[in-house]
Amino acid sequence: MTTPRPETLAKLTPVLTKRWLSPDAWRIGTYEKLDGYAALRKALKAHPDDLIQLIKDSGLRGRGGAGFPTGLKWGFIPQGDGKPHYLVVNADEGEPGTCKDLPLMTHDPHSLVEGVIIASYAIRANRAYIYIRGEAVHAARRLRNAVQEAYAKGYLGRNIQGSGFDLDLVVHSGAGAYICGEETALLDSLEGFRGQPRLRPPFPATHGLYASPTVVNNVGTIASVPYIVLGGADWWKTMGTEKSSGPMIYSLSGRIANPGQFECSMGITLRELIELAGGMQPGHNLRFWTPGGSSTPLLTAEHLDVPLDFEGVAAAGSILGTTATQIFSDQDCPVYATYRWLEFYHHESCGKCTPCREGNYWMVRVYRRILAGQGTHEDLDTLLDTCDNILGRSFCGLGDGATSSVTSSLKYFKQDYLDYIEGRTAPKLSDKQLVGAH
Ligand SMILES: Cc1cc2nc3c(=O)[nH]c(=O)nc-3n(C[C@H](O)[C@H](O)[C@H](O)COP(=O)(O)O)c2cc1C
Ligand code: SF4
């Protein structure tokens with residue numbers, strides 16, 4: 001493991017992660033000692049519209065993958081419409097490689113609860129939900145405990161801190177389906193239906209939960225709110241880049257010495273992140289990586305200096321996504337990695353639309369054939385043609401995301417495919433694993 005240079009270490013900007021290492025960081029007492037709920041007191045004295053404007057001014061963009069401007073989203077909620085409004089926090093975190101929301105909820109659940117209260121006050125919601133993935137039992141327990149503590153201290157419930165504002169917060173555990181992270185499928189699931197995406201428009205801002213105006217935001221987005229309220233929009237913008245403001249929690253996994261979460265200003269590069277993580281594992285050289293989970297096109301060692309913000313990654317031909325950098329080395333096979341991701345998308349496809357349901361089914365079979373040493377050159381055209389029929393033609397982003405690693409691995413690593421097809425690489429799958437592949 002190599003030690004990061006002081007100038008690289010200085011790039012760490014612990015904001016959302018600043019309490020994570022404090023003893024009992026998840027308890028309300030610790031949270032209050034470390035600035036906790038101070039932002040709420042300040043927010044409750046402000047007009048809700050001013051809070052929406054503050055979030056707009058900060059340039060905060062959604063941390064759930066698409067980077068939609070948060071203040072703009074809040075501003076879409078119609079006011080004075082006489083309908084109940086809802087805030088729903090997306091805590092599903094199912095994107096392969098992504099691990100920023102779960103540690104946040106485990107280590108510092110009150111920052112999310114405080115963000116929920118402020119955001120609900122801003123959009124005039126009296127009921128909020130945190131939809132958390134079913135398998136995340138430990139984080140859900142921590143969250144439920146934090147919610148109870150917040151009720152006991154008068155931060156939730158009726159007449160919060162004497163402000164006249166009421167809010168109830170429910171932590172709802174899903175059953176563990178990747179598609180339930182898609183915001184409209186999440187709303188269906190929350191209403192008790194099978195989680196499948198809804199047709200848009202109408203959008204959740206007007207017809208969301210129970211056909212009422214709803215904001216759906218990621219955990220990291222909402223947990224950023226108290227810091228912006230306390231520190232101000234200008235302070236927030238001192239971190240990050242012009243169009244991608246603030247700090248970001250980057251999760252690093254794979255062939256690096258010290259995997260985990262590193263919070264840095266947006267725009268840091270993978271070269272710097274790897275240095276922060278103690279370098280690559282001994283004997284491994286970087287070959288390919290995902291900038292934001294498996295739904296984002298692969299990048300290579302040529303892209304080590306790409307700024308990891310929304311614009312920088314897009315200019316390099318990929319997507320910032322969930323900032324889940326999965327790092328693969330010269331000892332890893334891009335064909336096999338892509339196959340494993342496709343198995344995931346095939347398994348998680350909700351089946352509602354044909355391109356994703358059938359396309360992923362068939363692509364898995366083509367990959368099995370290639371990896372068993374029985375692929376043909378035409379298989380590569382079939383893969384690209386199938387991706388062409390999925391991308392932009394699927395009902396939701398799951399289908400689009402499934403094609404990312406296929407097209408990008410064919411772009412950068414076609415030789416690896418040819419090596420299987422032309423017999424230079426030994427098959428990775430046996431004939432037995434080919435069942436159903438033809
Ligand atoms: C298949 C799929 C899975 C998704 N999973 C998540 C998720 O686990 N968490 C999340 O915040 N957003 C997820 N999203 C994005 C959400 O639909 C939505 O854009 C996001 O919750 C909005 O929050 P933000 O504006 O704060 O980023 C997913 C999208 C798709 C298409
Ligand atoms: S793209 Fe896939 S997950 Fe999305 S609606 Fe279609 S079948 Fe379901």
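We count ligands from 1, going down the list as the structure has it; atoms in each ligand are counted the same way.
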Which ligand 2 atoms, with their elements, are less than 4.0 angstrom from a heavy-atom of [X]?
X	result
Gly351	7 (S), 8 (Fe)
Ile179	3 (S)
Cys356	1 (S), 2 (Fe), 6 (Fe), 7 (S)
Ser394	1 (S)
Ser349	2 (Fe), 7 (S)
Leu398	3 (S)

Between [X] and ligand 1, is there a nitrogen or oxygen pair with a distance under 3.5 Å?
X	result
Asp101	no
Glu95	no
Ile179	no

Below 4.0 angstrom from a heavy atom of [X], which ligand 1 atoms are there? Numbered from 1 as shown, please.
X	result
Gly94	8 (O)
Gly62	24 (P), 25 (O), 26 (O), 27 (O)
Gly397	31 (C)
Tyr178	1 (C), 3 (C)
Leu398	1 (C), 31 (C)
Lys73	22 (C), 23 (O), 24 (P), 25 (O)
Arg63	26 (O), 27 (O)
Val216	22 (C), 23 (O)

Leu383 vs Tyr367, side-chain contact (heavy atoms from CB on, under 4.5 Å): CA-CA, chis, key distance, verdict = CA-CA 9 Å; Leu383 287 176; Tyr367 269 90; 3.6 Å; yes
State whether the number of non-hydrogen atoms from other residues, nucleotides or ligands found under 6.0 Å of [X] atom [atom1] is greater than 12.
X	atom1	answer
Lys42	NZ	yes
Lys11	NZ	no
Phe68	CZ	yes

Looking only at protein heavy atoms, which one is nearest to [atom], and what is the separation?
atom	answer
atom 20 (C) of ligand 1	Asn90 ND2, 4.1 Å
atom 11 (O) of ligand 1	Asn218 ND2, 2.8 Å
atom 6 (Fe) of ligand 2	Cys353 SG, 2.3 Å
atom 29 (C) of ligand 1	Glu182 CA, 3.8 Å
atom 18 (C) of ligand 1	Glu183 OE1, 3.6 Å
atom 28 (C) of ligand 1	Gly181 O, 3.4 Å
atom 8 (Fe) of ligand 2	Cys350 SG, 2.3 Å
atom 27 (O) of ligand 1	Gly64 N, 2.8 Å

Any cation-pi pair here, Arg340 with Phe344, using under 6.0 Å and within 45°?
->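 So Arg340 doesn't make the cation-pi contact.
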Answer yes if the ring centres of Tyr155 and Tyr37 are under 6.0 angstrom apart, and no otherwise.
->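 Ring-ring flag for Tyr155/Tyr37: true, centres closer than 6.0 Å.
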Are Tyr250 and Trp289 an aromatic pair by the rule of ring centers under 6.0 Å?
->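 Ring centroids of Tyr250 and Trp289 are no less than 6.0 Å from each other.
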Before accepting this row, confirm whether a basic side-chain N of the pair [X]/[Y] lies closer than 4.0 Å to the acidic partner's carboxylate O.
X	Y	answer
Glu183	Arg200	yes
Glu114	Arg41	no
Glu311	Lys243	no

With backbone taken as N, CA, C and O and side chain as the heavy atoms from C-beta onward, which portion of Thr221 lies under 4.0 Å from ligand 1: side chain, backbone, both, or neither?
->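 The part of Thr221 near ligand 1 is the side chain, not the backbone.
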How does Glu93 reach ligand 1, if at all, at less than 4.0 Å between non-hydrogen atoms: by side chain, backbone, both, or neither?
->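 Only the backbone of Glu93 comes within reach of ligand 1.
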On the 0 to 90° scale, with breaks at 30° and 60°, tag the Phe288-Phe328 ring pair as parallel, tilted or perpendicular.
->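 Ring orientation, 0 to 90° scale: parallel.
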Evaluation steps, side-chain contact (heavy atoms from CB on, under 4.5 Å), between Leu299 and Leu270 | CA-CA 11 Å; Leu299 294 176; Leu270 187 71; over 6 Å; no
Given the rule in the side-chain contact (heavy atoms from CB on, under 4.5 Å) test, do Phe395 and Leu199 qualify, once you have shown the distances and angles that lead to the verdict?
-> CA-CA 8 Å; Phe395 195 78; Leu199 186 66; 3.7 Å; yes
Taking both backbone and side chain into account, is any N, O or S atom of Cys396 nearer than 2.8 Å to atom 4 (Fe) of ligand 2?
->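 Yes - counting backbone and side chain alike, Cys396 has an N, O or S atom under 2.8 Å.
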Side chain Arg133, main chain Asp92, donor-acceptor under 3.5 Å |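 Yes, because the side chain of Arg133 sits within donor-acceptor range (under 3.5 Å) of the backbone of Asp92.
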Heavy atom under 4.0 Å from ligand 2: found in Pro197's side chain, backbone, both, or neither?
->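 Side chain only; the backbone of Pro197 stays clear of ligand 2.
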Would you sort out whether Ser111 and Tyr227 count as a side-chain contact (heavy atoms from CB on, under 4.5 Å), showing the intermediate values?
-> CA-CA 9 Å; Ser111 64; Tyr227 302 101; 3.9 Å; yes
Identify the residue among Arg27, Lys153, Arg19 that makes a salt bridge (Lys or Arg N to Asp or Glu O under 4.0 Å) with Glu32.
->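 Testing Glu32 for a salt bridge (Lys or Arg N to Asp or Glu O under 4.0 Å) against Arg27, Lys153, Arg19 leaves exactly one candidate, Lys153.
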For Leu190, the option from Val170, Thr214, Leu209 that meets side chain to side chain contact (heavy atoms under 4.5 Å, CB included) |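 Among Val170, Thr214, Leu209, the one meeting side chain to side chain contact (heavy atoms under 4.5 Å, CB included) with Leu190 is Leu209.
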